[in-house]
Protein chains: 2
Amino acid sequence: MLKISIDYNLEDTVYRQIYNQIVEQIASNNIHPGDKIPSSREIAGVLNINFHTVNKAYQLLRENGIIELTKNKRYIISKKNKTGNAIDNFKKKEIDIINEAMVRGLNDDDIIKTVKNILNLKNGAD
Amino acid sequence: MLKISIDYNLEDTVYRQIYNQIVEQIASNNIHPGDKIPSSREIAGVLNINFHTVNKAYQLLRENGIIELTKNKRYIISKKNKTGNAIDNFKKKEIDIINEAMVRGLNDDDIIKTVKNILNLKNGAD
DNA sequence: CACCTGTTATATATATTATATAACAGTTAA
DNA sequence: TTAACTGTTATATAATATATATAACAGGTG
């Protein structure tokens, strides 16, 4: 079951928080390809926010191939398919944050260990 | 010597592009700890933008301990020192983009290889 | 002293974010 | 066939973020 919460103290926008939390729960196998996700109005009602804000997150998820619309006008989680765009997108973001990490004192080993640690946590959380 | 360019087609803000490019050039050993960076008015003049926009990037770099102000009111590149904040910051960002990469079809090996590839390119570019 | 620095302040314009309503076509279930 | 739901589109408004434009100030430098 999908659980989302908004923290207004974070610098991330509301729709970005929704986006990241849905992505996180797919990555954590909490929700799976083919599963329906709640309607934007339903999420908005629970979080007490406007449904257009939820819709913006959904649009972004759709553009990135993470969710898709069925004929019944329901969004479902897409099957994973590794596109060139996904790889390029990952690499671009990685370069920026690895640069920053190195400049702020982390060495190669710190970086590799952190990444492996994150991956191991994911794999252990099935 | 510091080189910065702005691409208005990118979704990144101008001050973020400046921030990332300075970080990149420190990470690439193009500029080094102790080196002075050009004044915000100088950068702004070359890029034909407002110096407050450059200043916003400088403020952010300063808050993250990447540059510091000397008594002479000149910004210099700080010495690298691995703080807890730097590690936490790196980890938080990594989690979000690794989640997205996995959901978009990349597996553990793709992720590790991409990270190692980025680190190797940095180390070879001295 | 003239010139540079970062900083602060104020004002303005534009873009983004978030909310508020309303309406529409299509699906679903009573 | 209704009634209720869906996503989508449209319009309007408010608040915030981004970028520019000026001006002024304290302090260092030559």
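All chains are named by letter (A, B, ...) in the order of the sequence lines, taking the proteins before the strands, and each is independently numbered beginning at 1. All values reported here derive from a predicted model rather than from experimental measurement.
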Q: Check the distance between C:dT19's P and A:Asn48's CG and give it to me in whole angstrom.
A: 9 Å

Q: Could you tell me the separation between the CD atom of A:Gln17 and the C1' atom of C:dT16, rounded to a whole number of Å?
A: 16 Å

Q: Examine the base of D:dT8 for any acceptor or donor lying under 3.5 Å from a partner atom in the side chain of A:His52, and report the outcome as yes or no.
A: no

Q) A:Thr13 side chain N/O closer than 4.0 Å to the phosphate oxygens (OP1, OP2) of C:dT16? A) no

**Q.** Selection from C:dA18, D:dT6, C:dT5 that lies nearest to any side-chain heavy atom of B:Glu42
**A.** C:dT5

Q.
What's the closest nucleotide to the side chain of A:Tyr15 if the choices are C:dT19, C:dA18, D:dT8?
A. C:dA18

Q. Which of the following nucleotides, D:dT6, C:dT19, C:dT17, is nearest to the side chain of A:Arg74?
A. D:dT6

Q) Roughly, in whole Å, what's the span from CD1 in B:Ile76 to P in C:dT5? A) 16 Å

**Q.** Taking every non-hydrogen atom, the tightest pair across B:Val103 and A:Lys80
**A.** O-CG, 3.3 Å

Q. Any side-chain heavy atom of A:Lys93 within less than 4.5 Å of one from A:Asp96?
A. no

Q: Would you indicate which nucleotide in C:dT27, C:dT17, C:dT19 comes nearest to any side-chain atom of A:Asn72?
A: C:dT27

Q) Among C:dT7, D:dA19, D:dG7, which nucleotide sits nearest the side chain of B:Arg62? A) C:dT7

Q.
Tell me if the side-chain of A:Arg16 makes a donor-acceptor pair with the base of C:dT16, cut-off 3.5 Å, by modelled atom types.
A. no

Q | Whole angstrom value for the distance that separates C1' of C:dT8 from OH of B:Tyr58 | A | 19 Å

Q: Check the distance between D:dA21's P and B:Asn50's CG and give it to me in whole angstrom.
A: 6 Å

Q. Quick one: is C:dC4 close enough that its OP1 or OP2 comes under 4.0 Å of any side-chain N or O from B:Ser39?
A. no

Q. Regarding A:Gln59 and A:Tyr15, is there a side-chain donor-to-acceptor distance under 3.5 Å anywhere?
A. no

(Q) Within the 3.5 Å criterion, strictly below it, is a donor on A:Asn99 or B:Lys122 matched to an acceptor on the partner's side chain? (A) yes

Q.
Do A:Leu61 and A:Tyr75 have side chains that approach each other closer than 4.5 Å (heavy atoms only, starting at C-beta)?
A. no

Q. Side-chain donor or acceptor of A:Arg41 under 3.5 Å from a matching atom on the base of C:dT21?
A. no

(Q) What is the separation between atom OH on B:Tyr8 and atom P on D:dA19, rounded to the nearest whole Å? (A) 8 Å

Q: Check the distance between C:dG6's C1' and B:Glu63's CD and give it to me in whole angstrom.
A: 15 Å

Q. Can you tell me if the side-chain N/O atoms of A:Gln59 get under 4.0 Å from OP1 or OP2 in D:dG7?
A. no

Q. Just by distance, with hydrogens left out, do B:Asn117 and B:Lys113 show a side-chain donor and acceptor under 3.5 Å apart?
A. no

**Q.** A:Ile49 or A:Lys71, whichever maps to the more 5' nucleotide of DNA chain C
**A.** A:Ile49

Q. Between D:dC25 atom P and B:Lys73 atom NZ, what is the distance in whole Å?
A. 13 Å

Q | Under-3.5 Å donor-acceptor pair between B:Lys56 side chain and D:dA19 base | A | no

Q.
For a quick test of reading the model: is some side-chain N or O of B:Asn55 closer than 4.0 Å to OP1 or OP2 of C:dG6?
A. no

